[in-house]
Amino acid sequence: MRIAISGSSGMVGRALATALLADGHDVVPLVRDNADGIHWTPATGEFDQEKMGDVDVLVHLAGENIAQGRWTKAKKERIRSSRTDATRLLCESLAKMKSGPRTMISASAIGIYGDRGDEVLDEDAAPGEGFLPDVCRNWESATQVVVDAGMRVVNLRLGMVLSRAGGALKPMLLPFKLGLGGRMGSGRQYWSWITLTDAVRVIQFTIDTPTLSGPVNAVTPVAVTNLEFTKALGKAIRRPTIFPMPGPAARMVLGQMADGLILASARVVPRKLEEAGFKFSHSQLDDALQHVLANKP
């Protein structure tokens with residue numbers, strides 16, 4: 001197939017492109033400059049329609065990094081606009097085409113569920129309240145115009161993607177290796193995660209499984225508490241984890257991002273993937289961390 005990827009320079013996009021090329025697919029990036037690929041202007045939703053007309057699948061991963069920098073008013077607007085506005089404009093342009101992709105895998109996030117304690121959350125769970133749930137809800141709604149036009153759309157609700165190349169794990173590694181790691185907040189909040197390897201496999205699976213559409217949780221079946229994650233990471237790198245970061249300290253350092261990403265609890269399960277027959281390569285955290293830390297980015 002000919003598969004276009006937005007956000008192809010990001011951690012997931014790079015790994016996905018490598019895997020798709022290895023499978024024999026033709027991979028073309030959506031780019032904002034004159035480099036090789038399909039030229040795309042997120043601010044207007046315009047793209048090279050001639051090149052897009054030959055695409056079978058669009059994997060839409062582009063968006064402002066939510067885990068980098070404090071959530072100032074300007075940062076929050078970039079997070080919102082790069083997801084909701086850019087996706088809406090892109091989809092409005094796609095809906096007007098007579099040919100082009102018939103399948104769209106559009107990134108979303110488990111942030112849609114908000115802070116839910118130990119409640120088990122599958123794809124039928126209602127959205128939560130707050131900044132991230134609002135962004136994710138509008139992000140997914142922005143794809144409705146192409147659904148109405150007959151395109152199969154998967155809203156891929158990604159959890160914390162574990163990789164040495166980036167994401168949440170990379171900035172944790174140095175303090176943990178120095179023996180300065182520890183639980184964050186109460187440590188009782190659930191973190192729902194997936195390895196980069198399995199995240200890529202999930203995207204490939206959703207491309208190849210026409211019965212999947214709408215929200216799909218891209219997390220392993222076994223969420224862990226922050227305390228369990230902390231102990232597992234310390235064990236994996238053979239370091240103590242005795243320096244906790246209390247909630248107030250996390251908020252002082254990270255601002256609003258602490259409540260949105262670090263201290264929030266989301267115990268998410270991948271019901272749709274399991275029902276469709278997907279098998280995770282790494283569903284247990286100890287094994288996953290060994291795999292991630294043993295492999296180069």
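Computed over heavy atoms, backbone and side chain alike; hydrogens, waters and symmetry mates excluded.
- Salt bridge Glu140/Arg157: present, at least one basic N to carboxylate O contact under 4.0 Å.
- Of the charged side-chain nitrogens involved, at least one lies within less than 4.0 Å of a carboxylate oxygen, so that Arg88 and Glu92 count as a salt-bridged pair.
- Checked against Trp191 for a side chain to side chain contact (heavy atoms under 4.5 Å, CB included), the options Ile262, Thr230, Thr225 give a single hit: Ile262.
- Surrounding NZ of Lys76 are more than 12 heavy atoms belonging to other residues, nucleotides or ligands, all under 6.0 Å away.
- Look at Glu64 and Lys75 and you find a salt bridge, because one of the NZ, NE, NH1 or NH2 atoms lies within 4.0 Å of a carboxylate O, short of that distance.
- Residues Leu158 and Phe278 fall within the same hydrophobic cluster, defined by Ile, Leu, Val, Met, Phe, Trp and Tyr side chains chained together at heavy-atom separations under 4.5 Å.
- From Arg164, atom CZ reaches atom CG of Leu289 across 12.5 Å, with rounding to the nearest 0.5 Å.
- Look at Asp85 and Arg80 and you find a salt bridge, because one of the NZ, NE, NH1 or NH2 atoms lies within 4.0 Å of a carboxylate O, short of that distance.
- Of the options Asn155, Thr143, Thr87, a side-chain hydrogen bond (donor to acceptor under 3.5 Å, both in side chains) to His60 is made by Thr87 and by none of the others.
- Neither side chain, His39 nor Asp48, offers a donor N or O lying under 3.5 Å from an acceptor on the other.
- Between the CD atom in Gln49 and the CG atom in Leu94 there is a gap of 8.5 Å [rounded to 0.5 Å].
- Under the 4.0 Å criterion applied to side-chain N and carboxylate O atoms, Asp122 and Lys272 are not assigned as salt-bridge partners.
- Ile3 and Met104 fall into different hydrophobic clusters, defined by Ile, Leu, Val, Met, Phe, Trp and Tyr side-chain heavy atoms under 4.5 Å apart, directly or through other members.
- Taking the six-membered ring wherever Trp is involved, the centroid distance between the rings of Phe131 and Trp71 falls below 6.0 Å.
- Both Val27 and Ile207 are members of a single hydrophobic cluster when ILVMFWY side chains are connected at heavy-atom separations under 4.5 Å.
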